[in-house]
Amino acid sequence: MVSEAIAVYKEYRNKINHALPIWPSGLGRIDDSNISYGLQMDNEILLAVEHSAGNPAVHLDLTPYGNYSSVEMIYPHNDDMKYNLVNGVLSLSFDHDKMARLFRLKK
């Protein structure tokens, strides 16, 4: 998993300094059950979502950031977590507590 994470970082490290930070669920607090944050670039968003406990279903309205039509989980790459993007809302279903995933959304 470490080599996979490093490969993802290397793919995006040159874009990071041109990206704008976003917090779709607002600024996270230590006791939040879900936290989301990301980097918005011209035509894509890198979005991290952390689930600590509680309801495994997470719904994030991404319409304030533009019209994104596709989503892909980029870390970890081989994971069967359920997720979809419908009308600008990213819906996720976490299998366990204490999980985090990284997604790429494209216009």
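Just so we're clear, the structure is a prediction, and the values are computed from it rather than from any experiment.
Minimum interatomic distance between M73 and Y83 (heavy atoms only, all atoms of both residues): N-OH, 3.2 Å. Nearest heavy atom pair, residue L39 against residue A19, reads CB-CB, 3.7 Å.
Cluster annotation: L85 and I45 are assigned to the same hydrophobic cluster (Ile/Leu/Val/Met/Phe/Trp/Tyr, side-chain heavy-atom contacts under 4.5 Å, transitive). By the criterion of side-chain heavy atoms lying less than 4.5 angstrom apart, applied directly or through intervening Ile, Leu, Val, Met, Phe, Trp or Tyr residues, L62 is not grouped with I35; the two fall into different hydrophobic clusters. Placement of L60 and M99 within a single hydrophobic cluster is found when ILVMFWY residues are connected by side-chain heavy-atom separations under 4.5 Å, directly or transitively.
Summarising the geometry, atom NE2 belonging to H77 is positioned 12.5 Å from atom CG belonging to L102; distances are rounded to the nearest 0.5 Å. For the atom pair L105 CG and L46 CG, the distance stands at 9.0 Å (nearest 0.5 Å).
No donor-acceptor pair under 3.5 Å is formed between the side chain of T63 and the backbone N or O of G88. Listed for the Y65 side chain is no donor-acceptor partner under 3.5 Å among the backbone atoms of I22.
Atom CG of N84 is surrounded by more than 12 heavy atoms from other residues, nucleotides or ligands within 6.0 Å. For D31, the CG atom counts as densely surrounded, since its 6.0 Å shell holds more than 12 non-hydrogen atoms of other residues, nucleotides or ligands.
Counting heavy atoms from C-beta on, the side chains of D42 and K107 never come closer than 4.5 Å. In this structure the side chain of H18 never reaches within 4.5 angstrom of the side chain of K15, judged on heavy atoms. Side chains of R101 and P76 form a contact here, defined as non-hydrogen atoms less than 4.5 Å apart. Side-chain contact between F103 and L92 is present, with at least one heavy-atom pair separated by less than 4.5 Å.
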Side-chain donor-acceptor pairs under 3.5 Å in residues 47-59, sequence neighbours left out?
unit_1 : atom_1 : unit_2 : atom_2 : d
E50    : OE2    : Y37    : OH     : 2.4
H51    : ND1    : N34    : OD1    : 2.8
H51    : NE2    : D97    : OD1    : 3.3
S52    : OG     : D32    : O      : 3.1
S52    : OG     : S33    : O      : 3.2
N55    : OD1    : A57    : N      : 3.0
H59    : ND1    : S91    : OG     : 2.8

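With sequence neighbours excluded, no residue satisfies salt bridge (Lys or Arg N to Asp or Glu O under 4.0 Å) with K82.
Considering Q40, K106, E44, R104 in turn, Q40 is the only one that fulfils the side chain to side chain donor-acceptor pair (under 3.5 Å) rule with Y68.
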